Amino acid sequence: MIELNAHQIAEATGGRLTTSIDDTTVVTSADTDSRQLEQNSLYIARRGEVTDGHNFIASARAAGAQLILAEHETTGEDGVVDPAVIVEDSTVAMGDLARYIVEKIRQHSETTVIGITGSVGKTSTKDALARLLSSQQGPTIAPRGSYNGETGLPLTIFTADLDTRYLIVEMGADRLGNIRELTNIVRPDISVVLTVGTAHAQSFGSLENIAITKGEIVEALEPNGIAVLNADDVKVAAMASRVPSGAKTIWFSAASVPPERTSLLYAADAATTENENPHFNLQYLGEDATDQDRRGRKVTANMIGEHHTTNLLAAATAALAAGVDLATIAQVMPEIAPASAHRMARTDRDDGITVIDDAYNANPESMRAGLKTLTMLGRNTGRRTWAILGPMLELGDQHAKEHILLGETVVRLNIDQLVVVGADARALYTGAINEGSWGDEVDHVLSNDEAFDLLTERAQPGDIIFVKGSNGTRLWELADRLTTEKLVRRKEMP
């Protein structure tokens with residue numbers, strides 16, 4: 001984080017200083033987690049859904065926090081008021097401070113801010129883009145994991161310094177106007193929209209409302225900005241009408257036939273290898289394209305799943321918009337690998353079992369993409385396939401329907417074994433049964449431990465195990481066990 005003193009933080013947030021503030025107090029980092037603090041840090045005490053950060057101020061001070069951003073004064077064991085900036089709402093103040101920092105960075109450096117949104121693929125696209133931009137001169141800042149909301153976006157900005165050349169931010173949303181609020185914190189120079197899907201359907205109420213909100217990221221562009229839009233998604237393509245006058249639009253597409261678009265980055269002859277690594281001929285069809293750009297450059301990516309073709313294209317198009325030439329993009333792209341945990345991460349165990357861990361989150365679109373990849377891996381290699389699936393959350397009144405449909409999909413894809421985990425996913429099990437899967441082809445268990453025990457009994461060398469569920473189900477804990485613990489059958493135990 002850029003170096004800030006207490007008065008600057010109060011100015012940025014509209015807060016007041018406690019009487020215990022030392023005028024020389026300076027902070028060089030900030031976090032909401034008292035366990036992650038460094039020396040000379042700002043601890044942000046915010047009220048979360050589960051805990052109140054104000055309860056951890058003493059721990060934060062002991063860990064090295066020089067200053068607190070809080071909603072009320074607190075007193076240490078010595079009876080002295082903790083040095084703090086007092087604000088009405090700590091979460092809102094985080095956004096205000098992040099806005100202040102971005103302005104300082106822009107004043108100091110030629111900084112390009114790139115915002116990414118979409119119902120699926122944001123994190124994979126962000127990771128790919130960070131790798132492409134890091135090939136250029138100048139520091140590149142990108143979110144840790146999936147920091148993408150009113151808390152995560154500021155935390156990303158807090159890691160930037162004055163010399164930041166590229167600042168990548170994810171923008172997630174769970175209600176109308178959410179993206180607009182985030183763009184008010186950091187106005188993007190380049191806005192990327194991937195897809196419009198059913199993630200957070202419960203809070204949005206309709207797919208149209210999701211599209212309205214996702215499109216707020218392109219409306220935030222300045223006249224010299226650039227919108228990067230998915231030509232293969234009808235609702236994203238419609239956002240071209242919302243791009244401000246003077247701003248440019250660059251399209252990307254993995255369709256079998258390229259759409260009629262100016263400034264299009266296209267994946268010609270897109271397919272996958274035996275191990276489901278995407279490969280394609282990367283072509284740029286634009287007025288400023290060279291002859292070689294139009295002919296294309298062949299790329300094989302180190303990602304797993306056909307759906308990553310779209311994510312890679314989005315990252316490549318954003319990099320192109322940021323000034324990276326296509327030759328460099330094609331050269332670096334094979335080096336891109338999963339950088340965030342639990343996202344199509346492949347582990348080949350010593351016992352011959354392969355685990356595909358995609359357990360960070362789930363919605364109907366990402367579930368189907370992952371299951372299709374599992375099917376193709378099994379078909380290409382002749383290996384037995386397992387789908388270990390938890391519930392998809394935040395689907396509202398579509399919960400039962402979407403889970404039944406997903407169960408039907410598993411059967412139609414001819415996945416060999418299905419294990420449904422959790423009471424909330426019962427409809428997924430029902431859908432598979434109704435579609436004609438029964439006996440030991442499909443099981444329903446209530447916990448990660450039960451699923452692990454079942455796999456201990458029945459998984460065999462050569463099996464491919466795919467794990468996926470919404471983050472709130474904590475199915476990633478099962479994935480962690482499957483990638484680190486030996487599956488010891490009970491009859492082998494002493």
Side-chain angles (χ1 to χ4, degrees), residues 110-136 138-143 148 153 156 164-172 179 182-183 186-195 214-215 217-218 220-222 224-233 236-237 239-240 243 247-254 261-267 278 280 282-286 288-289 293 297 299 301 303 307-333 335-336 339-340:
E110 181 186 357
T111 302
T112 300
V113 180
I114 304 164
I116 302 172
T117 195
S119 297
V120 294
K122 292 187 296 297
T123 299
S124 296
T125 300
K126 169 265 299 183
D127 289 340
L129 178 58
R131 179 65 187 86
L132 291 171
L133 293 179
S134 65
S135 68
Q136 307 301 293
T140 298
I141 298 297
N148 62 25
L153 184 141
T156 297
T164 298
R165 176 64 185 89
Y166 301 104
L167 176 58
I168 304 168
V169 291
E170 280 189 53
M171 295 188 182
I179 298 291
L182 298 177
T183 59
V186 49
R187 299 194 69 82
D189 302 296
I190 300 170
S191 292
V192 183
V193 188
L194 303 170
T195 59
K214 298 298 184 187
I217 196 172
V218 299
L221 289 167
E222 300 291 343
N224 61 345
I226 301 175
V228 173
L229 300 180
N230 184 357
D232 302 336
D233 187 303
V236 174
M239 294 176 191
V243 176
K248 181 181 179 181
T249 299
I250 306 181
W251 302 88
F252 60 93
S253 171
R261 306 280 186 185
T262 58
S263 298
L264 173 75
L265 194 63
Y266 174 58
F280 45 85
L282 189 63
Q283 299 177 349
Y284 178 48
L285 312 176
D288 55 342
D293 290 344
R297 295 168 174 84
V299 171
M303 306 284 277
H307 57 288
H308 279 307
T309 298
T310 296
N311 300 334
L312 290 166
L313 275 175
T317 309
L320 192 68
V324 185
D325 63 84
L326 199 62
T328 299
I329 291 170
Q331 180 181 359
V332 175
M333 193 169 283
E335 302 172 7
I336 297 171
S340 297

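As the structure is a prediction and not an experimental result, all values here were calculated from the model.
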Fill in: Validation row: Val332, Gln136 side chains within 4.5 angstrom (heavy atoms)
no

Distance col, row Leu282:CG vs Thr309:OG1, nearest 0.5 angstrom, shows 11.0 Å

Scanning both residues in full, the closest heavy-atom pair of Ala327 with Arg297 reads CA-NE, 3.5 Å

Notebook entry, point to check: Taking the side chain as C-beta and beyond, is there a heavy-atom pair between Thr125 and Lys122 under 4.5 Å?
Noted result: no

Could you tell me whether a side-chain N or O of Thr117 sits under 3.5 Å from a main-chain N or O of Met171, the two making a donor and an acceptor? yes

- Task: Could you go through the side-chain contact (heavy atoms from CB on, under 4.5 Å) check for Ile116 and Leu129 one step at a time?
- Result: CA-CA 10 Å; Ile116 302 172; Leu129 178 58; 4.1 Å; yes

Next on the checklist: side-chain contact (heavy atoms from CB on, under 4.5 Å), that's the test. Do Val169 and Leu182 meet it? Break it down for me.
Outcome noted: CA-CA 10 Å; Val169 291; Leu182 298 177; over 6 Å; no

Smallest heavy-atom separation, Ala314 atom then Val192 atom, equals CB-CG1, 4.3 Å

Output for pair (Leu312 CG, His307 NE2), nearest 0.5 Å, gives 10.0 Å

Check your understanding: Can you tell me if CD on Glu335 sees more than 12 non-hydrogen neighbours from other groups inside 6.0 Å?
Key -> yes

Are Phe252 and Thr310 packed together at the side-chain level, in the sense that at least one heavy-atom pair is separated by less than 4.5 angstrom? yes

Taking every heavy atom of Ile226 against every heavy atom of Ala321, the minimum-distance pair comes out as CD1-O, 3.6 Å

Here the gap from Ser135 atom OG to Met333 atom CE, rounded to the nearest 0.5 Å, amounts to 11.0 Å

Short side-chain to backbone donor-acceptor contact, Asn230 and Leu194, under 3.5 Å: yes

| task | Side-chain contact test, heavy atoms from C-beta onward, threshold under 4.5 Å: evaluate it for Leu326 versus Leu265 and give yes or no. | result | yes

Exercise. Can you find a heavy atom in the side chain of Thr183 that is under 4.5 Å from one in the side chain of Pro188?
Worked result: yes

Any side-chain donor paired with an acceptor under 3.5 Å for Arg165 and Thr140? no

Scanning both residues in full, the closest heavy-atom pair of Val193 with Ile217 reads CG2-CG2, 3.5 Å

Separation between CG (Leu167) and CG (Leu133), nearest 0.5 Å, reads 11.0 Å

For Tyr284, the side chain to side chain donor-acceptor pair (under 3.5 Å) test, sequence neighbours excluded, returns Asp288

Interatomic distance, CE@Met239 vs NZ@Lys214, rounded to 0.5 Å, equals 8.5 Å

Across all chains, not counting sequence neighbours, the side chain to side chain donor-acceptor pair (under 3.5 Å) partners of Ser253 are Asp232

Nearest heavy-atom approach of Ser124 to Asn311 is CB-ND2, 3.9 Å

| message | I want to check something: taking the side chain as every heavy atom from C-beta on, are Leu132 and Ile336 in contact at a cut-off of under 4.5 Å? | response | yes

Closest heavy-atom pair, Ala231 versus Arg261, reported as atoms and distance to 0.1 Å, is CB-NE, 4.1 Å

For the side chain of Lys126 and the backbone of Glu170, is there at least one donor-acceptor N/O pair under 3.5 Å apart? no

Value for CD1 (Ile179) from CG (Asn148), rounded to nearest 0.5 Å, stands at 8.5 Å

